[in-house]
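Written out below as structure tokens is the structure these notes cover.
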Amino acid sequence: MFSAFPLLFSLISLLFPAQEATIVFAGDAMQHQRQLDAAREADNTYDYSQCFSAVAPWIADADYAVVNLETVLGGKGYSGYPCFCTPDSYAQALRDAGFDMLLTGNNHTLDRRDGGLKRTVQVLDSLGVDHIGTYSDAASRKRAIPQIKNIKGFKVGFLNYTFCTNGLSVSGDAVVDYTDREQMRRDIESTRVAGAELVVVIPHWGTEYRLLPDSWQKSMAKYLLDLDVDMIIGGHPHVIQPMEVHENPRTGRRQLLVYSLGNFISGMRTTDTRGGAMVRTIIKRDDKGNAYFDKAEYRLVFVVTGTCPQDNYRLIFVDDDGGSALTGLKRSQCKAFTTNAIRIFNGHNKDVPRHIGR
């Protein structure tokens with residue numbers, strides 16, 4: 001028997017868009033050689049199903065989730081640092097963990113030159129995930145940007161840029177979005193004109209392993225905030241850096257600035273690179289129907305390595321049973337990472353608290 005309720009609900013949703021939505025951002029998803037070795041199966045396939053299972057529910061619970069894919073999907077001949085090339089199943093595992101968008105604008109995007117860049121784009125297209133930062137050609141970029149996603153009725157524009165590609169340059173018609181101020185300004189304006197209610201800029205920037213932002217990051221952040229960007233979510237240093245909520249002096253709107261989320265998952269082994277932060281943002285509408293960034297909170301993740309080379313790397317949240325269940329060296333490593341991260345956030349964060357609960 002036909003029911004009118006689903007149709008009625010759809011009509012109501014169109015007339016009265018959702019008043020709140022959540023967007024989760026994660027840091028650098030890397031793939032070092034030791035991660036490749038751990039994921040490799042006897043039949044030469046690569047299994048990443050264990051890696052994200054503990055954090056996937058929190059990712060999937062968001063209305064939209066974004067992560068930086070800091071490697072290329074260049075086909076067989078996989079490799080870790082310094083020139084990354086990763087199996088397609090890695091990107092599939094990130095998608096299956098709940099990520100809706102994979103960022104490709106970072107300093108390793110040309111590690112397999114133009115061919116690797118283009119194949120990465122093709123694979124992500126085949127997986128049905130959103131992606132920005134690099135493009136097969138200028139026509140592809142023109143179709144992709146502005147990229148505005150409808151997130152529970154909120155029209156959110158996303159832009160992704162990198163400060164460098166490790167000295168490598170495009171040799172053909174592929175396109176990489178760099179942190180060129182004039183290009184960024186034009187993109188932000190065109191994204192607004194195309195209907196974005198909120199604009200998120202995700203720059204790959206900063207000084208590696210430095211727990212506080214450098215002067216260039218601060219200058220670029222001010223430039224973007226002055227362009228009325230609603231959120232800036234940074235990456236690249238491979239360690240966490242502070243998060244700040246600003247009030248735009250001209251518009252009165254709140255703006256989120258995250259200097260670095262650090263590593264999401266990697267094979268790095270110094271104290272501050274063994275994990276990172278995820279940030280959950282909440283966007284709302286006021287009583288006039290205007291969308292705005294409301295608040296954010298962070299949650300720390302830690303990479304647990306296996307007890308032998310064949311054990312896969314896996315992520316845990318440090319604020320639940322996953323952290324306390326660790327023993328021996330892993331527990332002390334997790335504690336050291338967490339202590340340093342909390343010290344930085346407690347000392348420098350502005351109105352971005354730690355997530356409490358699950």
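Numbering of residues begins at 1 and proceeds along the displayed sequence.
- Of the inter-residue distances, the one linking Met243 atom CE with Tyr259 atom OH reads 13.0 Å to the nearest 0.5 angstrom.
- Side chain of Arg210 to backbone of Leu212: a donor-acceptor contact under 3.5 angstrom is found.
- Annotation: Lys149, atom NZ; neighbour count of heavy atoms from other residues, nucleotides and ligands within 6.0 Å is above 12.
- With sequence neighbours excluded, the residues forming a side chain to side chain contact (heavy atoms under 4.5 Å, CB included) with Asp226 are Lys222, listed by chain and number.
- Judged by distance alone, the side chains of Gln255 and His246 never bring a donor and an acceptor atom under 3.5 Å apart.
- Under a cut-off of 6.0 angstrom, the local environment of OH in Tyr81 is sparse, with at most 12 non-hydrogen atoms contributed by other residues, nucleotides or ligands.
- Within the structure, every pair that satisfies the side chain to side chain donor-acceptor pair (under 3.5 Å) test and touches residues 55-69, not counting sequence neighbours, is listed here: Thr22-Asp63, Asp28-Asn68, Tyr64-Asp130, Asn68-Glu70, Asn68-Asn106.
- Contact check on Glu197 versus Lys155 returns no salt bridge, with no Lys/Arg side-chain nitrogen under 4.0 Å from an Asp/Glu carboxylate oxygen.
- Checking side-chain atoms of Asn263 against main-chain N and O of Thr273 turns up a donor-acceptor pair under 3.5 Å.
- Residue pairs meeting the side chain to side chain donor-acceptor pair (under 3.5 Å) criterion with at least one partner in residues 335-348, sequence neighbours excluded, are Asp272-Asn340.
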Ile132 and Leu103: CA distance, side-chain angles, deciding distance, side-chain contact (heavy atoms from CB on, under 4.5 Å) verdict: CA-CA 5 Å; Ile132 52 172; Leu103 307 168; 3.8 Å; yes
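- Counted by atom type alone, Asp47 and Asn312 present zero donor-acceptor pairs between their side chains at under 3.5 Å.
- Contact check on Asp180 versus Arg186 returns no salt bridge, with no Lys/Arg side-chain nitrogen under 4.0 Å from an Asp/Glu carboxylate oxygen.
- Separation of atoms CD1 (Ile23) and CG (Asp100) is listed at 10.0 Å; rounding is to 0.5 Å.
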Would you please test Arg254 and Leu256 for side-chain contact (heavy atoms from CB on, under 4.5 Å) and show each step? CA-CA 7 Å; Arg254 287 161 64 84; Leu256 175 64; over 6 Å; no
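- Residue Asp177 holds its CG atom at 4.5 Å from OH of Tyr135, rounded to the nearest 0.5 Å.
- Arg269 is linked by a side chain to side chain donor-acceptor pair (under 3.5 Å) to nothing, counting only residues two or more places apart in sequence or in another chain.
- Salt bridge status for Asp230 with Arg192: present, with a side-chain N to carboxylate O gap under 4.0 Å.
- The number of heavy atoms from other shown groups lying within 6.0 Å of CZ (Arg280) is above 12.
- Residue Gln31 holds its CD atom at 5.0 Å from OG1 of Thr86, rounded to the nearest 0.5 Å.
- Formation of a donor-acceptor pair under 3.5 Å by the Ser219 side chain with backbone atoms of Trp216 is not found in this model.
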The test is side-chain contact (heavy atoms from CB on, under 4.5 Å); show your working for Tyr90 and Thr71 and say whether it passes. CA-CA 10 Å; Tyr90 184 60; Thr71 182; 4.2 Å; yes
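- Side chain to side chain, Ser79 and Arg112 meet the donor-acceptor criterion of an N or O pair below 3.5 Å.
- The CG atom of Leu227 lies 7.5 Å from the CD atom of Glu189; values are rounded to the nearest 0.5 Å.
- Here the straight-line distance linking atom OG of Ser89 with atom CG of Leu73 works out to 9.5 Å at 0.5 Å rounding.
- Under the 4.0 Å criterion applied to side-chain N and carboxylate O atoms, Asp319 and Arg299 are assigned as salt-bridge partners.
- The other members of the hydrophobic cluster of Val170, by chain and number, are Leu110, Leu117, Val121, Leu168, Val176, Tyr178 (side-chain heavy atoms under 4.5 Å, ILVMFWY only).
- Under the 6.0 Å distance and 45° angle rule, Arg253 does not count as a cation-pi partner of Phe293.
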Derivation of the side-chain contact (heavy atoms from CB on, under 4.5 Å) call for Thr270 and Val239: CA-CA 10 Å; Thr270 58; Val239 297; over 6 Å; no
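- The aromatic rings of Phe345 and Tyr298 lie tilted to each other, with the angle between the two planes from 30° to 60°.
- Within the 6.0 Å centre-distance limit, the rings of Tyr78 and Tyr46 are counted as a close aromatic pair.
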Please determine whether side-chain hydrogen bond (donor to acceptor under 3.5 Å, both in side chains) holds for the pair Asp137 and Ser140, giving the CA-CA distance in whole Å, both sets of side-chain angles, and the decisive distance to 0.1 Å. CA-CA 5 Å; Asp137 52 38; Ser140 297; 2.8 Å; yes
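- The ring pair (Phe, Tyr, Trp, His ring centres under 6.0 Å) contacts involving residues 217-243 comprise Phe163-His236, His204-His236, His236-His238, where partners must be two or more places apart or lie in separate chains.
- Among all heavy-atom pairs drawn from Ser190 and Pro146, the shortest one is O-CG, 3.6 Å.
- Under a 4.0 Å N-O distance rule, the pair Lys118/Asp173 qualifies as a salt bridge.
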